[in-house]
Amino acid sequence: MNRSNPITGVPEPDLPPYLSSLNPEQLSAVRHEGKGLLILAGAGSGKTRVITTKIAYLVREKGIEPESILAVTFTNKAAREMRDRAAAIESECSRAVMRTFHSFGAWFLRRNSQAAGLDSNFTIYDDDDQTTLLHGAMPQNSRSECGRMVQAISRAKDLGLEPDSPDLSAAFSDPEMRRIYALYEERLRNTGNVDFGDLIRMPARLLREDEAVRRRTRQRFRVILVDEYQDSNIAQFELLRLLAGDGAYICVVGDDDQSIYRFRGAEVRNILSFPEIFPGTDIIKLERNYRSYQSILDVAGDVVSHNSGRLGKKLVAERTGGSKPKLALLEDQDSEVAYCVRVCKDHLKAGGRWSDIAILYRTNAQSLTFEKEFPRLGIPYRIVGASRFYDREEVKDALAYMAMLCNPRDEVAFKRIVNKPSRGVGETSVDILLGEAEASGSDLLSSAARAADTLKGKAKAGTRDFLALIQGLDGLLSSPNPDGESLGPFIERLVRSSGLIEYHRAQDEIAGTQKVANLEELVNAASLYPRSPEGLSDFLETIELDRSLSSEEVAADAVTLITMHNTKGLEFPLVIATGLEQGLFPRDDEEGEELEEQRRLFYVAITRAKDELYLTSCHWRRLHGRLYETMPSRFLGEIDGSRIETLKAKKSVGGYGSGAPFGQRPISARPAGTGVQDKEASAWRAGAAVYHDDYGAGVIIKVSPTPSSGPLVVVRFETGRQAQFFPKFTKKLEVQRS
DNA sequence: TCACAGTGACTTTTT
DNA sequence: GTCACTGTGA
């Protein structure tokens with residue numbers, strides 16, 4: 001194929017095929033040289049292709065050593081895809097470092113563990129473990145409160161804030177934040193483990209403070225590429241800056257319109273201000289869309305154009321034709337299901353497949369109606385994102401035994417398994433054992449061995465059994481392995497000799513669960529690793545960093561049920577975006593930045609559709625066991641009416657669909673008949689003194705409206721306890737009148 | 001230490 | 001409607 005250089009217009013007949021198939025913008029992005037590059041890649045514009053081609057181009061054409069290239073993504077799936085596709089063009093690319101941010105952080109910390117003050121065998125705590133850890137440090141607070149605090153601490157880490165950062169008070173209103181964060185950090189450092197935030201923050205700190213590490217690292221990585229850059233947080237941005245220094249070429253690819261993880265710390269401004277922070281950055285926009293028909297892109301464009309603070313892009317479809325997207329204004333969820341079923345069946349009649357179709361929703365709870373009805377109506381389906389294999393109790397139990405073997409200071413693991421299955425070591429005994437470890441400063445196993453003598457009866461025997469068990473497993477793990485036996489049989493032995501398998505077999509019989517099968521699945525997964533301390537450590541890290549079920553995504557022919565968030569990066573020939581109702585999507589308390597993020601989420605949802613797009617909105621929605629009357633989402637009102645075909649339910653009488661403006665009034669909450677009015681809503685405001693039947697006197701520190709449950713009131717009580725309530729549903733909380 | 005019932009809360013969630 | 005947590009009683 002003959003083509004011209006996009007810049008000079010000079011024909012370049014000898015471009016290799018992997019470059020000649022790119023469009024001019026893509027090609028100039030691939031060949032760009034200079035200080036830095038920001039690629040603004042609209043949905044479906046081939047950004048993964050550009051980034052992988054660029055890696056291959058640098059290696060093949062520019063003589064860059066693959067080892068000096070670092071490419072980071074946010075998901076393991078994206079990292080895998082990047083590795084595969086780059087290697088498919090140029091096999092040398094597989095020597096480049098292509099990882100998720102967090103897996104890069106773990107890789108970096110293990111290589112520099114001494115400098116970072118960590119053992120190289122650290123394991124990684126997930127949010128559940130974090131909560132257990134904090135709860136152990138402040139048992140007077142409830143677990144759920146600790147969970148909330150842990151979330152705040154994680155946000156602080158996303159923001160790159162330390163317990164002693166001056167900015168901490170500005171970012172978090174809770175006056176206790178600093179103290180609790182410091183307490184948490186101390187406790188975490190004592191375990192020798194790290195959390196997800198540390199995987200970003202600690203490498204950054206190391207680069208900032210350790211000159212030798214900084215020099216060595218900067219010498220190595222000359223080219224840094226970042227995918228889905230709009231999802232990066234402040235700490236990640238900081239890490240990039242430190243990695244790049246003045247010398248590296250940095251190329252980020254992203255779409256400010258697809259930034260949907262603000263609530264998890266993502267900072268859109270990272271992309272908006274990238275050119276200012278990295279002076280000399282060039283910008284290339286990819287606006288040709290290869291996925292959807294223009295009729296679909298226009299709808300997406302209408303919606304997102306209502307956001308301020310955009311870099312601004314207009315997607316142009318390469319695919320001509322296509323029909324108008326359809327909006328169905330329906331009576332209730334049952335009609336929504338029926339409508340979806342009809343769309344699905346029509347698609348099949350027209351020669352399509354079930355797997356072409358995705359049904360999208362804002363909240364996981366919405367999948368239930370579909371799950372209940374689909375089997376009966378003959379629609380095969382699969383739910384994406386629901387199976388959290390590694391979050392399951394039995395799997396976490398087994399993982400805790402493994403973590404204990406890796407790191408004898410792992411307090412969270414110890415607490416989880418020392419009495420599971422039951423060995424007669426109760427809460428009091430566990431406290432004694434942990435107290436001994438804290439007092440002596442030694443690891444949990446050796447201090448437990450000493451403290452066991454002070455226990456009596458069952459607790460003493462149980463502790464000794466536990467220690468003997470761990471010791472036996474430890475010996476087996478590190479014993480010579482000349483035949484290269486895999487980790488599988490070892491894990492099998494672990495779940496058997498610990499009694500976990502028997503314990504969960506009993507549970508299976510009582511509750512009809514699949515726990516034993518899940519443990520067996522875990523044994524299977526372990527078979528890919530060698531039986532050795534290093535093998536175990538590798539296995540654990542892989543699991544900790546990639547919680548998606550590694551076993552293949554079953555390619556069954558089924559309709560996909562999926563949250564809008566989970567669709568990012570995916571595409572389907574036919575998309576039905578459901579539940580487009582004010583109060584649900586967006587919620588009524590969402591305004592400003594949050595509202596814009598919801599709009600971007602809608603944009604993401606729409607741009608998943610290749611051929612056909614359907615939107616549904618229900619007049620009545622059942623939520624939390626109540627029935628609510630709703631208005632269509634305000635986002636629907638932002639679409640130029642001529643671009644969509646609107647279908648109204650025949651049944652609809654009055655109000656809905658009869659010329660009512662979109663998204664004007666929120667749900668008129670109508671819990672089954674009673675006309676509850678929020679007459680007292682104004683009484684619930686921050687600063688007001690309240691009294692709770694159980695907790696006593698307190699002060700409201702925050703009030704947030706909810707779509708359907710009235711105001712949500714956060715109260716700090718004199719006891720120091722903090723709790724939230726829906727005044728609408730509880731009679732125990734009243735405002736003090738003085 | 002365990003089992004049960006009553007109570008309170010209730011988005012999204014790459015790692 | 002459902003789940004997880006809390007507190008009680010055995």
Side-chain angles (χ1 to χ4, degrees), chain A residues 72-79 99-106 124-127 135 142-148 151 154 157-158 194-200 227-228 230-233 235-236 260-266 360-366 368-369 372 385 388 390-391 419 422-429 458-459 462 510 541-548 562-570 579 583-587 589-590 594 597-598 600-601 604-605 622-627 692-695 704 706-709 712-713 723-726 728-733:
Chain A
V72 287
T73 64
F74 282 86
T75 66
N76 291 288
K77 198 171 150 214
R99 290 173 172 262
T100 65
F101 258 111
H102 292 90
S103 128
F104 169 74
I124 302 158
Y125 279 155
D126 67 13
D127 22 340
H135 191 43
S142 75
R143 212 189 135 78
S144 52
E145 271 177 285
C146 292
R148 270 191 293 279
Q151 212 166 44
S154 298
K157 291 191 175 187
D158 290 344
V194 299
D195 60 24
F196 280 108
D198 290 340
L199 292 175
I200 307 300
D227 195 12
E228 302 280 15
Q230 75 282 351
D231 289 333
S232 62
N233 61 37
Q236 286 160 338
I260 55 173
Y261 284 105
R262 201 179 93 96
F263 68 95
R264 274 181 120 275
L360 277 49
Y361 36 79
R362 175 69 234 285
T363 67
N364 281 308
Q366 287 165 256
L368 204 65
T369 330
K372 277 204 288 225
R388 313 238 72 202
Y390 293 110
D391 286 346
N419 196 38
S422 179
R423 302 184 176 90
V425 188
E427 206 182 335
T428 326
S429 311
K458 255 175 149 179
I510 297 162
E541 175 169 318
T542 306
I543 290 170
E544 284 153 356
L545 291 176
D546 187 358
R547 335 248 298 133
S548 64
I562 189 168
T563 63
M564 294 184 186
H565 278 90
N566 268 328
T567 60
K568 201 177 60 149
L570 304 178
L584 184 64
F585 186 47
R587 291 156 53 119
D589 57 346
E590 287 165 329
E594 278 185 328
E597 175 146 311
Q598 296 308 304
R600 292 193 289 266
L601 182 57
V604 168
R622 186 170 284 283
L623 205 62
H624 311 320
R626 281 188 167 76
L627 194 60
H692 191 277
D693 285 357
D694 301 333
Y695 307 133
S704 26
T706 64
S708 43
S709 310
L712 173 69
V713 178
Q724 44 188 344
F725 306 90
F726 290 102
K728 191 165 157 183
F729 300 137
T730 180
K731 296 202 160 53
K732 293 189 170 181
L733 187 74

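Throughout, a chain's letter reflects where its sequence line sits, starting with A, and its residues are numbered from 1.
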Under 4.0 Å between any heavy atoms, over every strand shown, what does [X] touch: base, sugar-phosphate, or nothing? Just pick one.
X: A:D126; value: nothing
X: A:R143; value: sugar-phosphate
X: A:Y261; value: base
X: A:Q236; value: nothing
X: A:V425; value: sugar-phosphate

Which residues share a side-chain hydrogen bond (donor to acceptor under 3.5 Å, both in side chains) with A:D198, sequence neighbours left out: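 For A:D198, the residues satisfying side-chain hydrogen bond (donor to acceptor under 3.5 Å, both in side chains) (neighbours in sequence not counted) are A:K157, A:R189, A:R201.
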
Test side-chain contact (heavy atoms from CB on, under 4.5 Å) on A:F74 and A:T100; report intermediate values, then the result. CA-CA 5 Å; A:F74 282 86; A:T100 65; over 6 Å; no

Hey, which sits more toward the 5' end of DNA chain B by its nearest nucleotide, A:G426 or A:Q151?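 In this pair, the answer is A:G426.
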
Toward the 5' end of DNA chain B, which comes first, A:G424 or A:L545, by nearest nucleotide?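 Whichever sits nearer the 5' end wins; that is A:G424.
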
Give a yes/no answer on whether the side chain of [X] brings an N or O atom under 4.0 Å of OP1 or OP2 in [N].
X: A:T75; N: B:dT15; value: no
X: A:N76; N: B:dT15; value: yes
X: A:N233; N: B:dT14; value: no
X: A:S422; N: B:dC2; value: yes

Counting side-chain heavy atoms from C-beta on, which of [options] comes nearest to [X]?
X: A:H102; options: B:dT15, B:dT12, B:dT14; result: B:dT15
X: A:H565; options: B:dT12, B:dT11, B:dT15; result: B:dT12
X: A:N566; options: B:dT11, B:dT15, B:dT13; result: B:dT13

Spell out yes or no: do the side chain of A:R264 and the base of B:dT12 have one donor N/O and one acceptor N/O closer than 3.5 Å?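 Side chain to base: no pair below 3.5 Å.
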
Which atom names give the shortest non-hydrogen contact between A:E544 and A:F196, and what distance separates them?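 Closest heavy-atom pair between A:E544 and A:F196: O-CZ, 3.3 Å.
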
Applying the side-chain contact (heavy atoms from CB on, under 4.5 Å) criterion to A:S103, which one of A:L199, A:L545, A:D546, A:V72 satisfies it?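 Running side-chain contact (heavy atoms from CB on, under 4.5 Å) over A:L199, A:L545, A:D546, A:V72 with A:S103 returns exactly one hit, A:L545.
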
Any luck finding a side-chain donor-acceptor pair between A:R587 and A:Q598 under 3.5 Å?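 No, no side-chain donor-acceptor pair sits under 3.5 Å.
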
